[in-house]
Amino acid sequence: MSKKLDRIIVIDIEATCWQAKPPSGEESEIIEIGICVLDPWSKKNIEKDSILIKPIKSNISDFCTKLTTLTQAEVDKGISFYEACKILKDQYLTDRRVWASYGEYDKNQFQKQCQSFGVKYPFTSQHINVKTLFALVHSLPREVGMAQALELLNIPLEGTHHRGGDDAWNIGKILSKLLWNSY
Ligand code: AMP
Ligand code: MG
């Protein structure tokens, strides 16, 4: 299938987490996939989405709710990881489009979970690491977090940090600024 350059799909995941190690028998799983669709023609974010996923190998800890605001009741209403990957492919054409995320974490977690769940990896190999790109463009000695990158660009952080949809939207703005000096 040919590569499509009509959009960049920005992804930010949230996953079950704990202050230290997971309780025995549990493992970190994706509970939210935040999506921001970036349009290279208008050079702007044009769509935001959040897919909630019901975890099956772990529970939402108080620590996780404090970090993400997501509760067990909320994610219990979510869909399966398999269904979420199907939406990425069918609705957002992630198996043909370039995608982006902040750092390596989202990509690594997707690869790990796809393997562990026996689900086909929904993305192309065309991945933009916005965190590395930001540090290189600004000649920084080391990479910085998303909130700090926004601050350095004088772009206000919109929404709730550590919610996938809002994080993806803010990362979309950083990428847009880096690629086209937009925003
Ligand atoms: P973020 O995109 O920065 O909201 O982080 C994505 C995921 O990384 C979160 O949903 C957590 O699973 C994990 N994470 C982020 N920050 C922390 C932290 N301080 N302690 C433990 N896990 C974290
Ligand atoms: Mg996030």
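Just follow the structure's listing: the first ligand is 1, and inside any ligand the first atom is 1. What you are looking at is a predicted structure, and each value in this text was computed from that prediction instead of being measured.
- Side-chain contact annotation: Asp167 with His162, donor-acceptor N/O pair under 3.5 Å absent.
- Formation of a donor-acceptor pair under 3.5 Å by the Ser28 side chain with backbone atoms of Thr16 is found in this model.
- Closest N/O/S atom of Asp167 to the Mg ion (ligand 2): OD2.
- In this structure, CD1 in Ile30 is found 12.5 Å from CG in Leu52, a value given to the nearest 0.5 Å.
- Contacts between Tyr102 and ligand 1, counted as non-hydrogen atom pairs separated by less than 4.0 Å, are absent for every part of the residue.
- Here Asp167 has side-chain heavy atoms under 4.0 Å from ligand 1, and that is the only part of it that gets that close.
- Taking 4.0 Å as the cut-off between side-chain N and carboxylate O, Asp39 and Lys44 do not count as a salt-bridged pair.
- Of all the listed residues (Leu67, Asp166, Asp106), Leu67 holds the heavy atom that lies closest to atom 16 (N) of ligand 1.
- Protein heavy atom nearest atom 12 (O) of ligand 1, with residue, atom name and distance: Ala15 O, 2.8 Å.
- One finds the CD1 atom of Ile174 at 13.0 Å from the OG atom of Ser182 (value rounded to the nearest 0.5 Å).
- With respect to the salt-bridge test (charged N to carboxylate O, under 4.0 angstrom), the residues Lys57 and Glu26 do not qualify.
- Given atom 18 (C) of ligand 1, the protein heavy atom at minimum distance is Phe63 CZ, 4.1 Å.
- Inclusion of His162 in the set of residues having an N or O under 3.5 Å from an N or O of ligand 1 is warranted.
- An N or O contact shorter than 3.5 Å links Asp12 to ligand 1 by distance.
- At a 3.5 angstrom cut-off on N or O pairs, Trp18 does not count as close to ligand 1.
- Among heteroatoms of the N, O or S kind in Asp12, OD2 lies nearest the Mg ion (ligand 2).
- Between Cys17 and ligand 1, no pair of N/O atoms sits closer than 3.5 Å.
- Under a cutoff of 6.0 Å and an axis angle of 45°, Lys107 and Phe123 do not form a cation-pi pair.
- Residue contact check: Ile13 has heavy atoms under 4.0 Å from atoms 2 (O), 6 (C) of ligand 1.
- As for Glu14, its N/O/S atom nearest the Mg ion (ligand 2) is the one called OE2.
- Nearest to atom 5 (O) of ligand 1 among the protein's heavy atoms is Glu14 OE1, 3.7 Å.
- The number of heavy atoms from other shown groups lying within 6.0 Å of OH (Tyr82) does not exceed 12.
- In summary, Glu158 and Lys173 engage in a salt bridge, as defined by a charged side-chain N under 4.0 Å from a carboxylate O.
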